[in-house]
Amino acid sequence: MEKFVESLALRILEKIPGMEAHSKMAPFPERLKELPSLDHQVAAVMIVLMEVDNQICFPLIQRNPSSTYDPHKGQFALPGGRQETSDPNLAFTALREVEEEIGIASESIQIIGSLSPLYIPVSKNLVYPFIGWLRENQEFKKQDSEIHEIFNCSVQEFL
């Protein structure tokens, strides 16, 4: 897997598809043209890659469907959240949120790189995605107030 991580890190340093990739996956591609609102906030998410049964997997969360304040309640997402003023950078934000939401210690994740940011109009978040490698598998521990369930998704299933 070390070769995979190295290869992925080098690939991310090349030109990544950004908007082209976003438009293929977006449920409402026309919204990708919206500029961040003046009152937008900055957030970070992480794709935490890991090896499970000889497959590359990553956790997806289902947000709490009974939340009264979350515009994304019940949706499936990557672990992550808004940057706090005490966060030194967005990579720290992503690692902090992974630890808070799914219980994976930040020191056990090697950051591989980052992807193109994406503006989410419904929550007014400009989201910066990171990719990390979980050096040793750990048991997930969900944050009950925000997370309904954690799913382990193989990259192969996702594709």
Does [X] reach the main-chain N or O of [Y] with its side chain, forming a donor-acceptor pair under 3.5 Å?
{"X": "Q62", "Y": "G74", "result": "yes"}
{"X": "E99", "Y": "S106", "result": "yes"}
{"X": "D87", "Y": "E84", "result": "yes"}

State, yes or no, whether a side-chain contact exists between [X] and [Y] at a heavy-atom distance under 4.5 Å.
{"X": "I120", "Y": "L126", "value": "no"}
{"X": "L118", "Y": "L32", "value": "yes"}
{"X": "I56", "Y": "W133", "value": "yes"}
{"X": "Y119", "Y": "K124", "value": "yes"}
{"X": "I131", "Y": "I111", "value": "no"}
{"X": "L60", "Y": "I150", "value": "no"}
{"X": "R82", "Y": "N125", "value": "yes"}
{"X": "V42", "Y": "Y128", "value": "yes"}

Looking at every heavy atom in both [X] and [Y], which two are closest together, and how far apart are they?
{"X": "P59", "Y": "V48", "answer": "CD-O, 3.1 Å"}
{"X": "A91", "Y": "F130", "answer": "N-CZ, 3.5 Å"}
{"X": "R11", "Y": "K15", "answer": "NH1-O, 3.2 Å"}

Could you state the interatomic distance from [atom1] ([X]) to [atom2] ([Y]), rounded to the nearest 0.5 Å?
{"X": "I47", "Y": "L78", "atom1": "CD1", "atom2": "CG", "answer": "5.5 Å"}
{"X": "M46", "Y": "T93", "atom1": "CE", "atom2": "OG1", "answer": "10.0 Å"}
{"X": "R135", "Y": "M50", "atom1": "CZ", "atom2": "CE", "answer": "14.0 Å"}
{"X": "E51", "Y": "C57", "atom1": "CD", "atom2": "SG", "answer": "9.0 Å"}

Would you sort out whether Q138 and S108 count as a side chain to side chain donor-acceptor pair (under 3.5 Å), showing the intermediate values? CA-CA 9 Å; Q138 299 177 27; S108 64; 2.6 Å; yes

Over 12 foreign heavy atoms within 6.0 Å of CG, L38: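 Not more than 12 within 6.0 Å, no.
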
Please determine whether the number of non-hydrogen atoms from other residues, nucleotides or ligands lying under 6.0 Å from atom NZ of K142 exceeds 12.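 It does: K142 NZ has more than 12 such atoms within range.
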
Would you please say whether a donor-acceptor pair under 3.5 Å links the side chains of S123 and H72?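 Present: a donor and an acceptor within the cut-off.
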
